[in-house]
Amino acid sequence: MAQLAGSPIAVFRGPFTERHATRLLWRAGFGPKPGQARKLAAVGLDAAVASLTRPSGPARLIGKPPHGRNGAPLDPLNVWGDDHCWWLDRMVRSNHQLVERMTLVWHSWFATSIEASDAALMLRQNAMMRAEALGNFHQLLLNVTSDPAMLLWLSGTSNTKYSPNENYAREVMELFTLGADRGAYSQHDVRAQARALTGFANDWPNSGPTNFRFDPTLHDDGVKRIFGHRGRFDWRDTCRLCVEHPLHPSFFVRKLWSYFVGTPVPPGVGRALERVYTSGGHQVRPLVEAILRHPLFYVGPRMVTPPVVYCAGMLRALGRTVETNDWAWICQQAGQLLFAPPNVAGWDYRHWLDTSRWAARFTAVNYALQDATIDTSSNAYPANETPAQAVHAALRHWNHPPVSARTHASLMAFSHRVQRSITADWEQVSYRILRQNALRALIPTSPEWQTC
Amino acid sequence: MGEHAREDARPTGISSRECGSCEGFTRSEALRRAAAARGPRTAREWDPRMPHPAGAGIDRRGLLAGAAGGLLSVYGAGRLGLTNRLLAEGIARAATVQGPSSPILVTVFLAGGIDSLSILAPASDPLYHKLRPTLAVAPGAGSAFTEDPRLRWHPAAGSFAALHDAGKVTVFPGIGYASPDMSHFTSRHYWEVGATETRITTGWLGRYLDVAGSAGNPLQGLSMDGEMNPTLATASNPVAAIDRPDDFSLWLNGVWGDVFTETLDSAAALGAAQSRSHDAAIAQVAQAASEVGTVRRALAPFSDSNGNPTYHSPVSYPTSGTGDFPQRLAGLAAMIGTGLPLRCVALTSDMQFDTHDHQQQTFDSGLQLIADSLAAFQADLEARGVADRVLVHLWSEFGRRAQENGSAGTDHGAAGVSLLIGTRTNGTMVGEWPGIANLDVNGNQVENVDFRGVYCSLLEQWFGHDASAVIPGAARFQRYGLVK
């Protein structure tokens with residue numbers, strides 16, 4: 001297993017227990033499979049982190065391939081939502097969990113929506129982000145800036161020297177590299193960047209957008225002034241000027257940190273991480289390794305699990321895979337349809353829940369448990385099961401996840417209430433079946449299951 | 001427009017006038033339709049024993065009686081007992097205390113920055129046609145704006161023109177704030193929080209509900225976006241998010257009857273017990289779980305066991321190909337009609353008005369749908385006899401650049417237009433049209449009415465509440481006579 005180098009940044013030195021490994025697997029992946037957290041805890045923090053950040057060999061998808069309703073194969077290029085399910089399947093089955101999780105980070109960071117292009121271009125962008133998931137941010141920015149789905153989403157191929165369009169120029173600074181309201185750039189810089197970014201083009205045959213290219217005849221090769229520098233800048237210079245901007249490392253470190261840790265980065269830690277980032281030539285992996293080993297990752301407050309992570313995690317915990325394309329509308333209602341972020345700022349990781357989205361997560365639980373439901377007309381269920389036995393059986397169904405004392409007490413109280421409500425003989429079995437189905441659903445709706 | 005291939009921008013500098021993104025537009029419409037058609041109701045197909053939502057079948061009279069006399073009696077709780085009692089009582093109490101005539105403010109956000117120079121167009125101004133060679137509204141198109149002879153309503157805004165002629169629309173033709181920010185997110189945030197500060201995390205209506213609302217009634221702040229609307233974000237009091245009142249039901253395979261009710265109550269109770277957790281993430285989940293219990297009960301009468309609406313709209317609403325904005329308004333009118341204790345409601349349009357490219361197609365159809373839907377909503381409220389309780393505030397984060405760009409679209413601007421709709425609004429223009437001869441350094445229109453002054457005026461005149469407790473620096477802003 002790969003070894004991590006010594007770090008100038010604080011490293012968590014408490015005992016690395018199953019609880020810590022569970023958090024690591026939820027935040028740097030999509031939740032533990034049965035027994036996975038215990039195994040990971042046994043190898044210790046550094047090896048656990050390295051197993052995620054430096055996986056060996058090509059990614060493997062483990063388990064049954066995905067399918068839609070009625071067993072039909074997924075058709076991500078043509079069927080609404082199958083693109084979502086296709087990626088959700090990778091989240092569930094890939095043995096390179098952090099690669100998928102970082103790809104999800106970049107999807108939100110460089111939020112691009114299918115509404116401006118099509119599934120083929122979105123999946124192409126997805127592959128590009130996956131390839132650079134733990135790679136170099138400067139390279140990633142160059143790839144994104146010339147990416148067809150992004151060129152359509154933020155008007156890149158509408159931006160020519162004859163008709164500048166500021167859409168990408170503004171967002172590349174505001175959302176991707178520098179941040180708003182920090183004095184990093186002015187409206188003049190937006191206009192100059194827009195000129196630098198001119199020259200991309202594509203064709204629009206009836207079959208859809210194609211032939212994306214850089215056409216020098218559409219590029220404004222005049223002198224621009226950007227961040228006080230003068231030159232005949234083009235799109236590559238835009239990217240370079242942004243990542244070399246003195247306010248970029250602090251923006252980058254804080255934004256990346258916020259995807260993994262629930263408290264703001266302390267100023268001293270932030271500066272140290274900035275040095276790691278800058279001295280490493282904008283490499284992402286060392287920064288992620290420092291964050292995943294930092295004490296605040298393990299002792300800080302919990303974070304709400306994003307909807308797709310919640311759904312993928314339930315399937316992983318149950319040893320299931322994607323067996324219906326209903327996951328697309330379910331995740332959409334829960335607030336996270338992949339390839340369709342709400343806007344160019346991506347998903348708001350601070351506010352995942354409200355009444356509507358909680359209801360959608362309840363629906364997700366129902367679908368995760370689909371086919372495992374005990375038939376309520378069955379007679380083959382113990383008529384003498386006690387409330388405690390019922391709770392134990394339901395927890396066993398989820399492979400005994402960590403449950404707080406409060407949640408356990410709540411499950412017990414529910415179990416007792418149902419039993420007390422039994423009056424007729426026929427209810428002795430059937431209410432116990434209802435109770436077991438209900439308990440299995442209540443476990444993943446608990447606040448601690450939805451957070452990590 | 002369907003099948004046109006897109007011509008790319010030509011070196012002559014004249015971009016094609018053909019439909020810019022037909023492929024994408026058509027596809028996204030199809031996607032939305034597919035998504036809408038594939039709603040959660042399909043789940044009922046695979047288990048015929050799905051439980052009926054609690055309280056299904058109760059008619060409006062039943063609900064009113066419940067609201068007045070305590071919802072507990074209406075929704076009952078079966079023999080298993082009701083564990084979410086406090087919140088249910090909170091709604092009942094709020095409905096009683098608030099009374100049948102208490103005011104409601106509906107805030108409608110047009111996302112993306114709608115082009116005010118097309119809504120109210122200086123259609124016979126030569127400078128306008130110079131600035132907007134492909135996008136200008138033709139002279140004589142649409143109808144005259146009676147309060148400023150230079151302007152005409154866009155042809156797609158005919159419903160607004162009619163409401164305005166009937167004295168039911170107050171128009172702010174130059175609304176915004178000084179030192180405008182051209183970022184969608186920053187500017188929208190300013191409007192949502194009611195201050196030009198980036199660090200505030202509560203919405204302006206959320207802060208109003210924190211000081212004037214109750215700890216037991218999440219319906220007092222209702223987002224109808226299917227997710228929370230930041231304008232309603234509170235620091236302490238509960239608020240709720242739904243899509244439509246007839247689309248908020250839960251079910252579980254293999255669990256029904258009293259046990260199902262008890263299951264939902266148990267989840268809500270576990271939430272209620274932790275909704276004040278010092279861990280913010282736990283509290284966020286727990287609070288949502290707790291409020292789901294309350295909202296589910298309150299909305300159960302609005303759909304039948306098949307998930308179809310039980311209410312009937314007295315007027316017809318337009319059909320939308322891009323979402324359910326009209327249906328959400330129809331559901332809202334029905335909720336107001338039943339006397340549910342709503343106070344602040346927020347909706348976001350399904351359409352985006354960030355028209356950087358080939359503006360005309362998205363703008364025209366989007367504006368038409370917004371205007372026709374809001375006119376139907378107004379007529380609905382009037383037919384139900386509750387119109388005097390409701391004001392609708394329509395806003396967008398900014399207007400757009402006076403000069404169109406080279407892609408037959410417009411870039412981000414500054415001052416824009418806002419409307420206040422209702423029988424009790426003054427129905428006259430507030431401020432004045434800024435014109436296009438004197439633009440700011442970025443080529444944008446300059447505001448003459450500050451949105452925070454409008455918020456202060458609404459708080460004071462509509463809600464009868466001290467604005468200084470809600471809007472930072474309230475004393476600095478001019479007040480406008482908005483309510484009659």
Side-chain angles (χ1 to χ4, degrees), chain A residues 80 115-118 155 158 160 162-163 165-167 174 180-181 187 201 203-206 208-209 217 262 301-304 329 332-333 335 345 351 353-359 362-363 366 369-370 373-374 376 406-407 410 414 417-418 421 431 434-435 437-438 441-442 445-447 450-451, chain B residues 3 5-6 8-9 11 13 15 23-24 27-28 31 34-35 38 40 49 79-80 182-183 185-186 198 226-228 240-243 248 250-256 258-259 262-263 266-267 269-271 273-274 279-282 284-286 288-289 291-292 295 356-357 405-407 411 442:
Chain A
W80 183 91
E115 300 220 345
S117 57
D118 58 36
S155 315
S158 302
T160 71
Y162 306 102
S163 55
N165 184 310
E166 299 170 4
N167 208 0
E174 177 179 336
D181 307 313
Q187 173 61 18
D203 298 334
W204 286 92
N206 285 343
T217 66
R302 300 176 76 84
M303 299 175 81
V304 176
W329 65 257
Q332 181 182 39
Q333 292 190 343
H351 299 113
L353 278 158
D354 53 51
T355 51
S356 187
R357 289 171 166 191
W358 192 95
F362 191 81
T363 302
N366 195 28
L369 290 167
Q370 199 174 347
T373 310
I374 305 165
T376 52
R406 194 197 294 266
T407 296
S410 163
F414 167 81
R417 274 199 300 277
V418 174
S421 70
Y431 268 45
L434 298 180
R435 175 173 72 182
N437 286 333
L442 281 171
T445 62
S446 65
Q450 300 199 33
T451 55
Chain B
E3 294 303 315
R6 172 167 169 169
D8 217 322
S15 63
E23 300 281 345
R27 185 169 192 280
S28 76
L31 293 185
R38 197 174 299 204
R49 288 165 305 194
R79 66 188 128 125
L80 291 171
M182 281 184 281
S183 151
F185 311 101
T186 305
T198 54
E227 60 187 11
M228 192 37 63
I242 65 169
D243 185 51
F248 196 84
L250 300 161
W251 56 85
L252 204 52
N253 255 357
V255 188
W256 34 259
D258 292 345
V259 178
E262 176 64 18
T263 306
S266 186
L270 183 59
Q274 297 177 79
D279 188 303
I282 292 279
Q284 189 185 144
V285 179
E291 286 153 14
V292 162
V295 174
H356 284 280
D357 309 278
N405 63 25
S407 340
D411 291 327
N442 293 314

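Every chain is numbered from 1 and lettered A, B, ... according to where its sequence line falls, protein lines coming before strand lines.
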For the residue pair V292(B) and F362(A), establish whether any side-chain heavy-atom pair is separated by less than 4.5 Å.
-> no
Is a side-chain N or O of D279(B) found less than 3.5 angstrom from the main chain of R302(A), in a donor-acceptor match?
-> yes
Nearest heavy-atom approach of V285(B) to P447(A) is CG1-CA, 3.8 Å
Any chance the side chains of N405(B) and S163(A) put a donor and an acceptor closer than 3.5 Å?
-> no
Calculate, to the nearest 0.5 Å, the distance between atoms CD1 and CZ belonging to I282(B) and R406(A) respectively.
-> 9.5 Å
From L252(B) atom CG to L369(A) atom CG, the distance as rounded to the nearest 0.5 Å = 7.5 Å
E174(A) vs T186(B) side-chain heavy atoms within contact, under 4.5 Å | yes
Scanning both residues in full, the closest heavy-atom pair of T445(A) with A267(B) reads OG1-CB, 4.4 Å
What distance separates W256(B) CH2 from T376(A) OG1, expressed to the nearest 0.5 Å?
-> 5.5 Å
Most contact-rich option vs chain A, by heavy-atom pairs under 4.5 angstrom, among A286(B), A288(B), G271(B), A241(B), is A241(B)
All ring-ring contact (aromatic ring centres under 6.0 Å, His included) counterparts of F185(B), not counting sequence neighbours | none
Identify the heavy atoms of T373(A) and G254(B) that sit nearest to each other, and give their distance.
-> CG2-CA, 3.7 Å
Contacting moiety of N165(A), where chain B heavy atoms sit under 4.5 Å = both
Begin with the C-alpha distance, continue with both residues' side-chain angles, and end with the deciding distance and a verdict on side chain to side chain contact (heavy atoms under 4.5 Å, CB included) for M228(B) and H351(A).
-> CA-CA 9 Å; M228(B) 192 37 63; H351(A) 299 113; over 6 Å; no
Separation of E291(B) CD from S356(A) OG (nearest 0.5 Å) | 12.5 Å
Per-residue contact mode, A438(A) against chain B (heavy atom under 4.5 angstrom) = both
Contact summary for L442(A) and S266(B), nearest pair of heavy atoms | CD1-OG, 4.1 Å
Side chain of Q284(B), backbone of L353(A): donor and acceptor closer than 3.5 Å?
-> yes
Between N253(B) and N437(A), the two heavy atoms sitting closest are O-CB, 4.1 Å
Using non-hydrogen atoms and a 4.5 Å limit, figure out which bit of A280(B) sits close to chain A: side chain, backbone, both or neither.
-> neither
Counting only heavy atoms closer than 4.5 Å, note whether Q187(A) contacts chain B via side chain, backbone, both or neither.
-> side chain
Is the backbone of L270(B) close enough, under 3.5 Å, to the side chain of S410(A) for a donor and an acceptor to pair up by distance?
-> no
Count the heavy-atom pairs under 4.5 Å between each of T355(A), I374(A), D181(A) and chain B, then report the option with the highest count.
-> T355(A)
